[in-house]
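My questions will all concern the structure given below.
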2 protein chains.
Amino acid sequence: MAISQDAALLLTLSNLQTQLFKKVSGPLTAHGISFTEFIVLLHLNDSPARNMRRIDLAEKIGLTASGVTRLLNPMQKIGLVEKEESVRDARVSLIAITEAGTQLFNDAERTFNESAGHLLAPLNAKHHRAFSEIAGALLS
Amino acid sequence: MAISQDAALLLTLSNLQTQLFKKVSGPLTAHGISFTEFIVLLHLNDSPARNMRRIDLAEKIGLTASGVTRLLNPMQKIGLVEKEESVRDARVSLIAITEAGTQLFNDAERTFNESAGHLLAPLNAKHHRAFSEIAGALLS
DNA sequence: GCTGAATAATTGATCACTCAATTATACCGC
DNA sequence: GCGGTATAATTGAGTGATCAATTATTCAGC
């Protein structure tokens with residue numbers, strides 16, 4: 001018996017993500033944030049209200065609610081995000097991106113786009129289409 | 001400014017890996033091992049000598065040497081792997097898969113192949129080819 | 001064959017995250 | 001409007017990894 005073709009694909013995927021993740025995290029630390037923190041800012045920045053419920057953030061970035069609490073604490077301390085109360089639901093504490101957070105995100109985004117472009121230079125348009133088709137099929 | 005197409009691909013990849021990793025880890029815990037431990041057994045089992053240097057293992061699975069030491073400790077205790085000394089180089093401590101480790105791996109491999117097959121059922125042969133082309137281009 | 005640089009492994013301290021339990025609030029059926 | 005259940009967030013304890021420092025050994029140049 002041996003590893004199946006499907007299994008091999010999963011292993012390759014895991015490898016791929018590990019390698020690329022490391023290469024993309026490095027440049028971000030120049031801005032003082034981790035990849036995960038970058039993703040948080042990205043989602044908050046994309047949100048129409050520029051704020052989100054912690055639990056929705058958790059869902060989006062693939063962490064637990066607990067993980068989100070712990071991730072946001074230092075980000076609040078350095079002023080990238082701030083707590084807001086929900087008028088509708090007192091259980092909820094919204095988290096909003098600040099002006100400082102927005103500026104840092106814009107800088108970091110530039111860096112991220114650059115390193116992504118560099119890392120993915122070997123791929124052509126066909127690869128891009130194929131990948132998004134694969135991701136679409138699997139993430140549904 | 002916004003996220004580039006390349007950047008978006010990286011974010012999708014990260015998402016994909018997070019989701020799939022979780023789904024594939026669950027079934028493995030029935031065998032009492034984590035995904036990472038499974039990978040260790042896989043590499044040891046594939047090795048011609050059925051043993052490896054810790055540092056090579058680290059390289060293969062994308063951990064630091066330190067991480068490997070800490071990962072292998074419990075695996076040694078429950079007898080899945082065992083330490084061997086290198087005749088040639090007294091600095092290295094080889095790690096070998098045991099009979100018990102081999103048996104557990106064979107069982108776990110079956111489980112892993114099954115869940116991989118299930119998870120990747122939406123993909124066709126063309127997707128498989130495209131993915132391995134992409135991975136090949138990026139991991140070189 | 002000695003000295004200094006490189007390599008292999010481990011250890012202490014720390015970080016990022018999880019899970020289980022807890023607290024607070026909201027919602028639903030009666 | 002009350003009681004029970006579901007949901008949002010936080011906290012304590014534990015896990016899996018990192019980094020920097022340390023120890024032991026090997027190798028390369030002289």
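So that the names make sense, note that chain A is the first sequence line, chain B the second, and so on, each numbered from 1.
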_Checking Ala130(B) now: which residues fulfil side-chain contact (heavy atoms from CB on, under 4.5 Å) with it, not counting sequence neighbours?_
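If we apply the side-chain contact (heavy atoms from CB on, under 4.5 Å) test to Ala130(B), skipping adjacent residues, the hits are Ala130(A).
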*Minimum heavy-atom distance Arg70(A)-Pro74(A), with the two atoms named*: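 Result for this residue pair: O-CD, 3.2 Å.
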*Does any non-hydrogen side-chain atom of Leu138(B) lie less than 4.5 Å from one of Leu119(A)?*
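The answer is no, as the side chains (C-beta and beyond) never meet within the 4.5 Å cut-off.
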_Helix axis bend for the helix from dG1(C)-dC30(D) to dC30(C)-dG1(D) - C1'-based end axes, five pairs, 10° rounding_ =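 The end axes of the helix from dG1(C)-dC30(D) to dC30(C)-dG1(D) are about 30° apart, to the nearest 10°.
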*Could you state the CD1-C1' distance from Ile39(A) to dC17(C), rounded to the nearest angstrom?*
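Taking atom C1' of dC17(C) as the reference, CD1 of Ile39(A) is at 16 Å.
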*asked:* Given Asn51(B), which partner from the list Glu84(B), Glu82(B), Lys83(B) fulfils the side chain to side chain donor-acceptor pair (under 3.5 Å) test?
replied: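 Output: one option passes, namely Glu84(B).
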*Test item: Asp89(B) and Ser86(B) side chains (from C-beta on) under 4.5 Å apart, heavy atoms*: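 Yes, side chains in contact.
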*In terms of hydrophobic clustering (I, L, V, M, F, W, Y; side-chain heavy atoms under 4.5 Å; direct or indirect links), are Leu72(B) and Leu94(B) co-clustered?*
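Not linked; separate clusters.
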_For residues 37-80 of chain A, which residue pairs pass the ring pair (Phe, Tyr, Trp, His ring centres under 6.0 Å) check, not counting sequence neighbours?_
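Non-adjacent pairs meeting ring pair (Phe, Tyr, Trp, His ring centres under 6.0 Å): Phe38(A)-Phe105(A), Phe38(A)-Phe112(A).
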*Keeping to residues at least two apart or across chains, list the salt bridge (charged side-chain N to carboxylate O under 4.0 Å, His left out) pairs with something in residues 22-46 of chain B.*
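Of all non-adjacent pairs touching residues 22-46 of chain B, none passes salt bridge (charged side-chain N to carboxylate O under 4.0 Å, His left out).
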*Enumerate the residues from residues 46-66 of chain A whose closest heavy atom to DNA chain D is under 4.0 Å, giving them by residue number; use none for an empty result.*
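When residues 46-66 of chain A is checked for heavy atoms under 4.0 Å from DNA chain D, the hits, listed by number, are Arg53(A), Arg54(A), Ile55(A), Ala65(A), Ser66(A).
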*Got a sec: does the CD of Glu59(B) have more than 12 other heavy atoms crowding it under 6.0 Å?*
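Counting other residues, nucleotides and ligands, CD of Glu59(B) stays at 12 neighbours or fewer.
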*asked:* According to a hydrophobic-cluster definition based on side-chain heavy atoms being under 4.5 Å apart (Ile, Leu, Val, Met, Phe, Trp, Tyr only), do Leu28(A) and Ile61(A) belong together?
replied: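 Yes, Leu28(A) connects to Ile61(A) through the hydrophobic network.
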*Please work out which residues in residues 67-80 of chain B have a non-hydrogen atom less than 4.0 Å from an atom of DNA chain D and list them by number.*
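Here the set is Gly67(B), Arg70(B), Leu71(B).
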*What heavy-atom pair brings Ser93(A) and Arg54(A) nearest, and what distance separates the two atoms?*
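For Ser93(A) versus Arg54(A), the nearest heavy atoms are OG-NH1, 3.0 Å.
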*Answer yes or no: is there a side-chain heavy-atom contact under 4.5 Å between Ile33(A) and Leu80(A)?*
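Counting from C-beta outward, Ile33(A) and Leu80(A) do come under 4.5 Å.
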*How many angstroms lie between atom CZ of Arg129(A) and atom CG of Leu123(A), to the nearest 0.5 angstrom?*
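With rounding to 0.5 Å, CZ (Arg129(A)) is 12.5 Å from CG (Leu123(A)).
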*Are any non-hydrogen side-chain atoms of Asp6(A) and Asn113(B) less than 4.5 angstrom apart?*
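No, too far: nothing below the 4.5 Å cut-off.
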*Applying salt bridge (Lys or Arg N to Asp or Glu O under 4.0 Å), name anything that partners Arg53(A), two or more places apart in sequence or on another chain.*
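Once residues adjacent in sequence are excluded, the partners of Arg53(A) under the salt bridge (Lys or Arg N to Asp or Glu O under 4.0 Å) criterion are Asp56(A).
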*Report the distance from atom CZ of Phe21(B) to atom P of dC17(C), rounded to the nearest whole Å.*
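My rounded result for the distance is 13 Å.
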_Stretch residues 88-95 of chain A: residues that reach within less than 4.0 Å of DNA chain D through a heavy atom_ =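 Arg91(A), Val92(A), Ser93(A) - these, ordered by number, are the residues of the stretch whose heavy atoms sit under 4.0 Å from the strand.
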Detail all sub-3.5 Å separations between protein N/O atoms and N/O atoms belonging to nucleotides 2-4 of chain D.
none

*Can you tell me if the side-chain N/O atoms of Lys83(A) get under 4.0 Å from OP1 or OP2 in dT10(D)?*
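The answer is yes; a side-chain N or O of Lys83(A) sits under 4.0 Å from OP1 or OP2.
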*Scan residues 10-29 of chain A for pairs that pass ring pair (Phe, Tyr, Trp, His ring centres under 6.0 Å), counting only residues two or more places apart or in two chains.*
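Matches after skipping sequence neighbours: Phe21(A)-Phe35(A).
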_Sub-4.5 Å side-chain heavy-atom contact between Leu20(B) and Leu16(B)_ =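 A side-chain contact exists here, since the closest heavy-atom pair is under 4.5 Å.
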*Got a sec, which residues hit side chain to side chain donor-acceptor pair (under 3.5 Å) with Gln5(B), two or more places apart in sequence or on another chain?*
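In terms of side chain to side chain donor-acceptor pair (under 3.5 Å), with neighbours along the sequence ignored, Gln5(B) is linked to no residue.
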Could you list the protein-to-nucleotides 21-23 of chain C atom pairs, N/O on both sides, closer than 3.5 Å?
none

*How would you label the contact of Thr36(B) with the nucleic acid (heavy atoms, under 4.0 Å): base, sugar-phosphate, or nothing?*
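Result for Thr36(B) = sugar-phosphate.
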